[in-house]
2 protein chains.
Amino acid sequence: MPFQIVLGPAVRKSPFFNNTVADGVSKFAVYNKMFLPISYSDPAAEYRRLIEGVAMWDVAAQRQVEIKGADAERLVRYLTPRDLKDCVIGKGLYVPLCDHEGRLINDPVLLPLAADQFWLSIADSDVLLWVRAVAAEGGFDVRISEPDVSPLAVQGPKAEAVVCDLLGDWVKELKYFWFRATALDGIPLVVARSGWSKQGGFELYLCDDTKGPELWDRVKKAGAVYGIGPGAPNYIERVESGLLSYGTDTEADTTPFEVGLGKLIGLDRSDDFIGKQPLIREAQTGPAHQLVGITFDGDPVKPNQHPWPVCIDGASVGTARIVCHSPRRGGNIGLALLKTQYAAIGTALEIEGEGGRHKGIVVPQPLVPPGTPLAQAN
Amino acid sequence: MPFQIVLGPAVRKSPFFNNTVADGVSKFAVYNKMFLPISYSDPAAEYRRLIEGVAMWDVAAQRQVEIKGADAERLVRYLTPRDLKDCVIGKGLYVPLCDHEGRLINDPVLLPLAADQFWLSIADSDVLLWVRAVAAEGGFDVRISEPDVSPLAVQGPKAEAVVCDLLGDWVKELKYFWFRATALDGIPLVVARSGWSKQGGFELYLCDDTKGPELWDRVKKAGAVYGIGPGAPNYIERVESGLLSYGTDTEADTTPFEVGLGKLIGLDRSDDFIGKQPLIREAQTGPAHQLVGITFDGDPVKPNQHPWPVCIDGASVGTARIVCHSPRRGGNIGLALLKTQYAAIGTALEIEGEGGRHKGIVVPQPLVPPGTPLAQAN
């Protein structure tokens with residue numbers, strides 16, 4: 001059932017859009033009201049490149065919300081439940097955002113660029129609108145904007161070699177989640193050792209969208225010797241590795257405790273932050289649901305179109321948010337959001353798939369340990 | 001260049017989704033993180049049905065934000081710059097929403113259901129998140145939620161006959177923008193004389209998503225004698241009629257004065273509302289841009305993929321937000337957001353289309369007067 005996507009003016013094109021088209025993009029999602037490439041028609045090759053080689057991803061849809069001004073740091077501390085005591089300029093931090101009821105509303109990476117300048121590198125929800133409302137109602141002295149910044153990710157075990165050849169050996173010294181502003185022959189960049197996979201790599205935050213085609217070509221040329229090819233945030237690898245996808249793994253009222261982010265909630269903080277009291281209450285009572293790893297039987301499944309109902313003895317206990325066939329585990333896997341009393345390892349599940357019913361079980365995460373190779377047989 | 005859309009769990013399906021698939025939907029957009037049908041592969045027939053007959057549209061993506069509680073009315077008045085002095089239960093009102101800087105962030109219809117219960121029937125931006133932030137920071141005593149409500153639009157000159165046959169002759173008495181709660185053999189509905197066209201019609205707000213397929217079938221059966229068929233918000237008819245499309249016609253910093261909504265801004269209001277001071281200032285200085293009607297030469301154009309640059313003597317003066325070929329006007333038309341000094345009727349424009357350059361001109365709106373028939377030749 002392949003449906004077309006509308007290419008229209010309400011959704012923005014990335015600065016790399018024409019390059020992705022030239023390189024054979026076949027499937028898009030809409031993410032932060034931008035077109036996000038999802039597939040180049042050869043999912044097996046795209047997965048293999050990420051696990052064994054190097055891939056380049058147009059992730060310009062990962063927008064930045066810039067908070068700048070005298071009260072910028074105070075506002076950032078108020079916005080996230082995470083205790084930012086280890087916040088230093090140049091080091092990214094994963095910061096869940098909750099609304100005033102303690103519901104997870106995004107899970108950005110915070111990039112502290114200067115004492116009075118921060119970026120939130122966001123998942124798919126309208127953080128710009130929300131932060132502006134909070135800042136204005138609270139009287140914070142800040143300017144909040146979406147800067148001209150578009151990330152291009154280089155991911156996979158050979159990503160470091162590509163980025164070294166492109167930018168110099170200094171990138172080897174960049175620790176995990178740290179970043180640095182630089183330029184590549186006049187192309188302004190912020191380079192971070194980060195990315196939405198567990199295969200290693202970098203995100204090149206392009207700071208001038210007119211230079212998108214040039215940056216794409218430079219990365220492609222530098223990567224040619226390493227077999228680089230186009231790709232996209234890989235839903236199989238991220239399920240194997242246990243990376244959270246806000247909006248896919250979560251529902252409208254999901255809390256950080258339900259999706260394994262409880263350790264990032266600053267319950268001991270003396271200062272106020274949005275959602276503090278509901279989050280403290282939930283820490284005491286325990287979360288109502290848990291996001292768990294599952295395996296299940298049957299032929300290799302295709303990507304699920306919607307969350308799949310999960311039952312025990314015919315009664316609903318939650319939903320499988322995302323399912324896939326794992327080449328490295330050699331079977332069907334997924335992530336399911338289940339009522340806590342049914343979320344224990346070993347719990348047997350009935351899963352109502354689009355192609356029929358599956359027998360499943362709750363298993364430990366990660367579903368595939370880091371460093372697991374792709375067997376030659378696959 | 002037809003690309004596939006990803007059908008995945010991060011974007012919700014409408015309760016009418018399977019019906020639209022059965023009826024041949026071919027193209028989707030993503031709107032408020034739901035799949036919104038855009039085409040059933042025969043644009044000429046879909047347009048003709050809307051102008052001459054009756055069409056049914058799955059517009060479940062037009063979500064509701066419900067504001068309920070002791071402070072609901074006070075909050076609604078604070079949220080919109082429109083003076084709600086003529087707000088009565090049962091009558092919808094078009095209410096622009098602006099942020100604290102006076103930028104347009106949505107243009108919903110407000111449905112006052114009760115003295116302490118309101119729906120905002122929203123365009124494509126995250127009003128739920130924004131209203132929750134404003135209400136919580138401001139200490140309003142309200143509950144804000146997204147209720148289980150999914151509109152199905154019945155539009156076109158024969159829409160009234162269909163809805164009368166379905167629900168009874170009382171709907172004839174429903175005035176423009178008024179609504180009433182009812183039920184159709186146990187299917188709970190709010191019925192409004194409204195919809196995003198100027199061809200007349202109704203929106204059936206389904207209040208139980210499990211009954212989506214049943215409602216779709218009932219409307220389809222009632223409409224069969226009138227030649228009803230599936231359709232979607234029609235971008236040609238709405239450009240002809242001058243209906244605003246938030247997110248298509250607007251940019252990130254567009255104000256209501258720039259898109260013809262100045263008459264809805266309550267500049268004389270004594271009470272406070274979000275964006276009041278910036279909007280008062282703009283009313284004094286005048287808007288920097290104006291959304292205008294344009295016509296332009298060349299072969300009939302296809303839908304534009306992105307806003308087209310508009311120049312005068314080679315210098316940029318704005319963008320054409322949406323362009324199309326109008327069967328009723330018999331030529332290419334569009335809406336352009338131009339710097340105010342270049343927005344006067346009669347101004348000659350150079351338009352950089354995807355297929356080449358066009359010569360255009362600013363013309364009065366509406367581009368096609370209400371009631372204009374489709375000539376037999378077309």
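Chain letters run A, B, ... following the sequence lines, proteins first and then strands; every chain starts at 1. The shown structure was predicted, so the numbers you read here are calculated from the model rather than taken from an experiment.
- With a 4.5 angstrom heavy-atom cutoff, A:Pro307 touches chain B via backbone and side-chain atoms both.
- Between A:Phe28 and A:Phe17, the ring planes are parallel. Angles under 30° get that label, and only those over 60° would be called perpendicular.
- For a residue to count as touching a neighbouring chain, one of its non-hydrogen atoms must lie under 4.5 Å from one of that chain's; by this rule B:Val131 does not touch chain A.
- Listed options A:Tyr31, A:Tyr78, A:Phe35, A:Trp308 were ranked by heavy-atom pairs under 4.5 angstrom with chain B; first place goes to A:Tyr78.
- Applying the ring pair (Phe, Tyr, Trp, His ring centres under 6.0 Å) criterion to A:His289, with sequence neighbours excluded, gives no partner residue.
- In this structure, A:Ile333 CD1 and A:His325 NE2 are separated by 9.0 Å, a value rounded to the nearest 0.5 Å.
- Per-residue heavy-atom pair counts under 4.5 Å with chain B were compared for A:Ala136, A:Ala252, A:Gly138, and the maximum is reached by A:Ala136.
- For chain B, the nearby part of A:Asp99 is the side chain; its heavy atoms alone come within less than 4.5 Å.
- In this model, a donor atom of one side chain and an acceptor atom of the other lie less than 3.5 Å apart for B:Ser125 and B:Asn106.
- Ranked by heavy-atom pairs under 4.5 Å with chain A, the list B:Arg321, B:Arg12, B:Glu146, B:Lys33 is led by B:Lys33.
- Using a 4.5 Å cut-off between heavy atoms, B:Asp249 does not touch chain A at all.
- For the pair B:Glu66 and B:Val149, the minimum side-chain heavy-atom distance is 4.5 Å or more.
- For a residue to count as touching a neighbouring chain, one of its non-hydrogen atoms must lie under 4.5 Å from one of that chain's; by this rule A:Ile38 touches chain B with the side chain only.
- Contact annotation for A:Asp124: both backbone and side-chain heavy atoms come within less than 4.5 Å of a heavy atom of chain B.
- In summary, the side chains of A:Asp58 and A:Thr20 do not present any donor paired with an acceptor at a separation below 3.5 Å, with no hydrogens or angles considered.
- For B:Trp57, there are no side chain to side chain donor-acceptor pair (under 3.5 Å) partners two or more places apart in sequence or in a different chain.
- When each of A:Asp126, A:Thr319, A:Leu36 is checked for heavy-atom pairs under 4.5 Å with chain B, A:Asp126 comes out on top.
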